[in-house]
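Worksheet: one structure, shown below.
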Amino acid sequence: MTVTSPVAGAATSAPPEAPDPPPGRRPSPARRATLLLAVPALLVLLVFFVVPALRLLWLSVTTPEPGLGNYTALVGDEVTTTVVLRTLLMAAVVTVVCVVVAYPYAYLMTIVSGRWRGVLLAVVLVPFWTSLMARTFAWVVLLQDNGVVNQLLGAVGLRPVRLLGTTAGVTLAMAQVMLPFVVLPVYTAMRGIDRRLVDAALSLGARPITAFTRVYLPLSLPGVAAGATLVMVLSLGFYVTPSLVGSPKQSMLAQFISVQVNQLVNFGAAGALAVTLLVVTLVLLGGVRMLTRTRGTTGAGIAGGLT
């Protein structure tokens with residue numbers, strides 16, 4: 001390439017441009033710094049999660065003898081199947097209860113003043129900061145036959161009901177423990193919604209309930225999915241609350257694994273149960289991720305069509 005100098009009128013050769021480095025070949029300094037910051041977390045995850053999970057997988061296929069006998073025994077054992085189904089059902093019920101309670105609560109947090117928002121946030125977080133064991137024993141006291149709950153029921157003219165050692169009592173106690181895990185993600189998602197989208201739908205003739213279900217609700221679903229996933233995954237491995245508030249009839253998978261290890265000393269069956277629980281959790285996470293992607297695309301389309 002030649003360039004004519006305006007002063008001398010001579011043609012000079014411009015220096016050749018250096019070729020750009022191939023994209024993705026050399027990470028930028030900022031990216032390298034980010035990767036270095038992630039190294040401690042990756043090491044902790046490797047040591048305290050990946051290695052024990054692989055150890056459980058190894059035990060499940062080698063103890064008491066090599067093969068898939070522990071897994072075939074799980075499928076054929078009626079007690080194990082009952083416990084697994086009970087765990088899934090209990091986790092699903094707790095998740096639904098938390099979402100039903102947390103959604104209007106989080107919505108209320110978005111429309112009140114800053115002072116009341118702080119009060120509502122404290123109501124959710126103060127129990128969350130309390131020891132899980134202390135909260136569980138508090139529920140044991142409240143749900144006794146002569147506890148506070150039955151006394152309140154008697155005061156309003158209702159018959160006392162048995163709650164301690166029942167599925168209803170375990171569900172109530174677990175939902176109270178898990179409620180912050182839904183309120184906070186849903187509130188965060190709702191805070192990011194532009195309310196002008198709802199106003200636009202109303203101005204176009206939509207009814208309030210239609211504007212809510214067609215505009216606001218789809219945009220808040222990522223927060224609901226995140227909170228519901230947290231509750232579902234944590235509920236699958238819950239141990240303390242079902243052990244203290246429930247009875248052997250409400251035994252969940254974590255308690256069953258504890259029995260296999262501590263009482264029966266059957267590490268192979270315990271490893272197979274743990275691997276099964278891990279697989280179920282990964283399947284749930286994958287399903288929620290796919291659902292969130294679909295809903296996220298729908299929500300983006302709604303927002304783009306109204307703005």
List, one per line, each side-chain donor-acceptor pair under 3.5 Å for residues 275-286, sequence neighbours excluded.
residue, atom, partner, partner atom, Å
T276, OG1, A272, O, 2.7
T281, OG1, L277, O, 2.8

(message) Please give me the minimum heavy-atom distance between N70 and L59, naming the atom from each residue.
(response) ND2-O, 4.1 Å
(request) Kindly give the heavy-atom pair with the smallest separation between V182 and A102, and that separation in Å. (result) CG1-CB, 3.6 Å
(request) First locate atom CG of L85, then atom OG1 of T80, and finally report the distance between them rounded to the nearest 0.5 Å. (result) 10.5 Å
Side chains of [X] and [Y]: do they bring a donor and an acceptor to under 3.5 Å?
| X | Y | answer |
| --- | --- | --- |
| S220 | Y107 | no |
| R117 | T110 | no |
| Y71 | S60 | yes |

Examine distances only and state if a side-chain atom of [X] and a backbone atom of [Y] form a donor-acceptor pair shorter than 3.5 Å.
| X | Y | result |
| --- | --- | --- |
| D145 | R162 | no |
| D194 | L197 | no |
| R195 | Y216 | no |
| Y105 | L120 | yes |

(request) Report the C-alpha distance between F128 and F181 in whole Å, list the side-chain angles of each, state the deciding distance to 0.1 Å, and finish with yes or no for ring pair (Phe, Tyr, Trp, His ring centres under 6.0 Å). (result) CA-CA 9 Å; F128 186 63; F181 292 101; 5.2 Å; yes
